[in-house]
Amino acid sequence: MPWFWVAGYLFAIALLFLGLSRQTRFKIASKQVFVGLGFFVLIAMTAILLDARYHWSQNIPEISLAVLGCFIILYRAVGIVRHRLRAGAMLVDLGRVPIGEFLIEIIVAGALAANAVIDGLRALKAPEWTLNDISFEVLELSVAFAVFVQGVMKRSVREHGIFHGTGLIPWARIDSYTWEGGRGGSQTLVLQKQSSIAMLRTLTLSVDADRVEAVEQLLQEHNVLPAGEVPEKTGSS
């Protein structure tokens, strides 16, 4: 159905335009959602199109899904431990993600895990089951784990940078920051950081109103300037 491909790609392009265009008046946090969703739809549409044309999914061993799932768990676990060990002492506790995002992530993780367990148990009842029969369920559980961790891990300002739940941004990699007003007195901290991937250069964190001043003070102490300000040049003798 050509209309399906056209509609899908147009939807992805529209989301990317809303997220990347400087002309739109959406908040930066909202733009990040548009960009992420746009890339997801673009990748999904391309994968579906290639599979419909070349049936590439039938040529990939099912066991590779389980391997990918194990890699996701290992990468997430090792990354969190490594970043927390090098983060240093906690300076400001930023808590978890906002309650709305938290509930969405927990619901998504729970739905994925429940479906994986139900399908997995059904497959295990077969007398001659193999790992191939539960490979997709292993991948589902792995993604559920990654989403769950993203929702429950606390963010914080640390001695050596800002820990955003699953990774640490060193102070030296933060270029600038701005604030956007949020609901209930909370503020959204928008960090511009160094990255070779454009869509990963912006990170947003929700900060309670009573912690905004402390966070801003620490940012300035580590020479992170508000967006638009130019660092003072020091003369050479």
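- Within the model, atoms CD1 of Ile162 and NE2 of His164 stand 9.5 Å from one another, a figure rounded to the nearest 0.5 Å.
- Closest heavy-atom contact between Ile63 and Asn132: N-OD1, 3.3 Å.
- Judged by distance alone, the side chain of Arg155 and the main-chain N or O of Leu94 form a donor-acceptor pair under 3.5 Å.
- When hydrophobic clusters are built by joining Ile, Leu, Val, Met, Phe, Trp and Tyr residues whose side-chain heavy atoms come closer than 4.5 Å, directly or via intermediates, Leu65 is grouped together with Ile72.
- Transitive grouping of hydrophobic side chains (ILVMFWY, heavy atoms separated by less than 4.5 Å) brings Ile104 and Val143 into a common cluster.
- One finds the CD1 atom of Ile174 at 12.0 Å from the CG atom of Leu225 (value rounded to the nearest 0.5 Å).
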### Task
Kindly indicate, with the supporting measurements, whether the criterion side-chain contact (heavy atoms from CB on, under 4.5 Å) is fulfilled by Val78 and Ile80.
CA-CA 6 Å; Val78 172; Ile80 291 174; over 6 Å; no
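- Residues meeting the ring-ring contact (aromatic ring centres under 6.0 Å, His included) test with His160, sequence neighbours left out: none.
- For the atom pair CG of Asp119 and CD of Glu140, the computed distance is 6.5 Å after rounding to the nearest 0.5 Å.
- Between the side chain of Gln194 and the backbone N or O of Ala172 there is at least one donor-acceptor pair closer than 3.5 Å.
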### Message
Using the rule given for side-chain contact (heavy atoms from CB on, under 4.5 Å), can you reason through Val157 versus Trp171, listing the C-alpha separation, both sets of side-chain angles and the distance that settles it, and then say yes or no?
### Response
CA-CA 10 Å; Val157 181; Trp171 294 114; 3.6 Å; yes
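- In terms of heavy atoms, Asp175 sits closest to Lys193 at OD2-C, 4.0 Å.
- Ring orientation note: the planes of Tyr177 and Trp179 are nearly perpendicular, at an angle over 60° on the 30°/60° scale.
- Side-chain contact annotation: Glu213 with Gln217, donor-acceptor N/O pair under 3.5 Å absent.
- Side chain of Ser142 to main chain of Gly69: a donor-acceptor pair is present (N/O by atom type, distance under 3.5 Å, no hydrogens or angles).
- Phe145 and Val147 fall into different hydrophobic clusters, where Ile, Leu, Val, Met, Phe, Trp and Tyr residues are linked whenever their side-chain heavy atoms come under 4.5 Å apart, directly or through other members.
- Remark: Phe11 CZ is loosely packed, at most 12 non-hydrogen atoms of other residues, nucleotides or ligands lying under 6.0 Å away.
- In the hydrophobic clustering of ILVMFWY residues, with side-chain heavy atoms under 4.5 Å counting as a link, Phe163 and Leu218 come out apart.
- Leu103 is connected to Val97 through a chain of hydrophobic side-chain contacts under 4.5 Å among Ile, Leu, Val, Met, Phe, Trp and Tyr, so both are in one cluster.
- Annotation: the span from Asp133 atom CG to Glu62 atom CD amounts to 7.0 Å, rounded to 0.5 Å.
- Within the structure, salt bridge (Lys or Arg N to Asp or Glu O under 4.0 Å) pairs that include any residue of residues 70-96 comprise Asp93-Lys154 (at least two apart or interchain).
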#### Entry: Evaluation steps, side-chain contact (heavy atoms from CB on, under 4.5 Å), between Val108 and Phe148
CA-CA 8 Å; Val108 170; Phe148 177 79; over 6 Å; no
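- The minimum heavy-atom distance linking Ala12 with Val41 is given by the pair CB-CG1, 3.9 Å.
- Shortest non-hydrogen contact noted between Ile134 and Gly120 is CG2-O, 4.2 Å.
- Across all their heavy atoms, Ala116 and Leu141 have their closest contact at CB-CG, 3.7 Å.
- Panel note: side chain Asn115, backbone Leu112; no donor-acceptor pair is recorded below 3.5 Å.
- Here Arg158 pairs with Ser156 under the side chain to side chain donor-acceptor pair (under 3.5 Å) rule; sequence neighbours left out.
- When all heavy atoms of Ser176 and Pro226 are compared, the pair lying nearest together is CB-C, 4.3 Å.
- Considering CG of Leu168 and CD of Glu159, their distance stands at 11.0 Å, rounded to 0.5 Å.
- Here the straight-line distance linking atom CG of Leu68 with atom OG of Ser64 works out to 7.5 Å at 0.5 Å rounding.
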### Message
Please evaluate residues Leu191 and Thr202 with respect to the criterion side-chain contact (heavy atoms from CB on, under 4.5 Å), reporting the C-alpha separation (whole Å), side-chain torsions for both, the decisive distance (0.1 Å), and the verdict.
### Response
CA-CA 6 Å; Leu191 298 175; Thr202 302; over 6 Å; no
